[in-house]
Amino acid sequence: MPPTCLLDALGAVPDPRDDKGRSFPFAPILALLVVGILLGRRSPGAIVQLADDYGGDFALLLGFPRRRLPTASMLSKLLPRIDVRALEAVLREWIATRLPPDDALVVNMDGKCVRGRADRAAQLPGVHLLAAFVPRFQAVLAQLRVDTKTNEHKAALELLNILPTRPGGYIITGDAMFTQTEVCQAVRDRDDDYVLVVKDNQHALVVDIDAGRAFAAQAATFSPRRARAAEGTDTRSTVRTNDREGARPRGAPNVGEHGAPDSASEVARAEAGFPRAPLGHSQGQGV
């Protein structure tokens, strides 16, 4: 199924206006706002200026029936009435259809305070948003407002619930604030993976990670061929005859004609009990 056109997708956002007095269709208005924001226009007046910058056909390309755009005053009155959650859901689903379906996608989960929204004189805090950002495509898949009475850790659980799933899955990254059992379990419940920062104040977790890394480094040096060679040395049978051994020293293990010692340590103890000539002398008997 081919990806849906953005203009068609915006048609699913409910129109907050009454049936009477609709001078412009609602989906093209939303498309105008999206294009204007992507072009860096920060005000309704700057957005409607696009018609003069790009010509009258620009309005027709956005779906307007005539070569003119809504006024800045009309956009200012309409913006507070738009269902933000519905618009974000439509954009989220549309962006998800444009992503490659198979390979794992890295998503950075981070919170920021919206610039220009804080008013220190009025003691009003800024709007704090938690977003799931895809660096590869410079796109926000999902975002929500963090309430002043909660923190990003709790908001992350809600963000993971609205993040659209995909066949290739995600690799969720984040700072130490999200290194919580609930967040990690929520990521695993989605069949996704995570890469999170761990600080020294989480001492037990740091110790576990260091132990796991040391085990992985040791396992990387393991050679199956060397292990089989060592196993063959330990289980190799030893054949000795009584007439070659001579008298068995006291305390030496009884190794029969076709005896196989239980371990290499028994062979070493048995050989240590035999007398050896000093260096420079022959151990054989004279003829």
Residue [X] excluded, over 12 heavy atoms near [atom1] under 6.0 Å:
X: D189; atom1: CG; result: yes
X: Y54; atom1: OH; result: no
X: R66; atom1: CZ; result: yes
X: F133; atom1: CZ; result: yes

Which distance, rounded to the nearest 0.5 Å, do you find between the [atom1] of [X] and the [atom2] of [Y]?
X: E182; Y: L157; atom1: CD; atom2: CG; result: 5.5 Å
X: H153; Y: T179; atom1: NE2; atom2: OG1; result: 10.0 Å
X: L196; Y: D175; atom1: CG; atom2: CG; result: 8.5 Å
X: M109; Y: L163; atom1: CE; atom2: CG; result: 9.0 Å
X: E88; Y: I162; atom1: CD; atom2: CD1; result: 7.5 Å
X: L160; Y: Q185; atom1: CG; atom2: CD; result: 11.5 Å

Do [X] and [Y] have side chains that get closer than 4.5 Å, going by heavy atoms?
X: L141; Y: V134; value: yes
X: C184; Y: R188; value: no
X: D192; Y: I171; value: no
X: D110; Y: L130; value: no
X: F26; Y: V13; value: yes
X: R98; Y: F137; value: no
X: I29; Y: M74; value: yes
X: P25; Y: P65; value: yes

Does [X] belong to the same Ile/Leu/Val/Met/Phe/Trp/Tyr cluster as [Y], with side-chain heavy atoms less than 4.5 Å apart forming each link?
X: L39; Y: L75; value: yes
X: V35; Y: V140; value: no
X: M177; Y: V183; value: no
X: L38; Y: I82; value: yes
X: L79; Y: L62; value: yes

Give me the atom names and distance for the closest heavy-atom approach of [X] to [Y].
X: V107; Y: Y170; value: CG2-CD2, 3.3 Å
X: L7; Y: A31; value: CD1-CB, 3.9 Å
X: A59; Y: L69; value: CB-CD2, 3.6 Å
X: W94; Y: A9; value: CD1-CB, 4.1 Å
X: Q138; Y: P135; value: NE2-O, 2.9 Å
X: R145; Y: L129; value: CA-CD2, 3.7 Å

Do NZ/NE/NH1/NH2 and the carboxylate oxygens of D53 and R41 come within less than 4.0 Å?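 Yes, this pair counts.
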Would you say R81's side chain and P16's backbone share a donor-acceptor pair under 3.5 angstrom?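 Yes; judged by distance alone, with no hydrogens or angles, the pair exists.
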From CA spacing to verdict: side-chain contact (heavy atoms from CB on, under 4.5 Å), F24, L78: CA-CA 12 Å; F24 299 93; L78 181 60; over 6 Å; no
Hey, mind stepping through Q218 and T221 against side-chain contact (heavy atoms from CB on, under 4.5 Å) and telling me if it holds? CA-CA 5 Å; Q218 184 66 25; T221 63; 3.8 Å; yes
Give the intermediate values and the outcome of side-chain contact (heavy atoms from CB on, under 4.5 Å) for residues R136 and V106. CA-CA 8 Å; R136 180 178 174 184; V106 177; over 6 Å; no
The test is side-chain contact (heavy atoms from CB on, under 4.5 Å); show your working for I172 and R190 and say whether it passes. CA-CA 11 Å; I172 307 296; R190 295 171 44 90; 5.8 Å; no
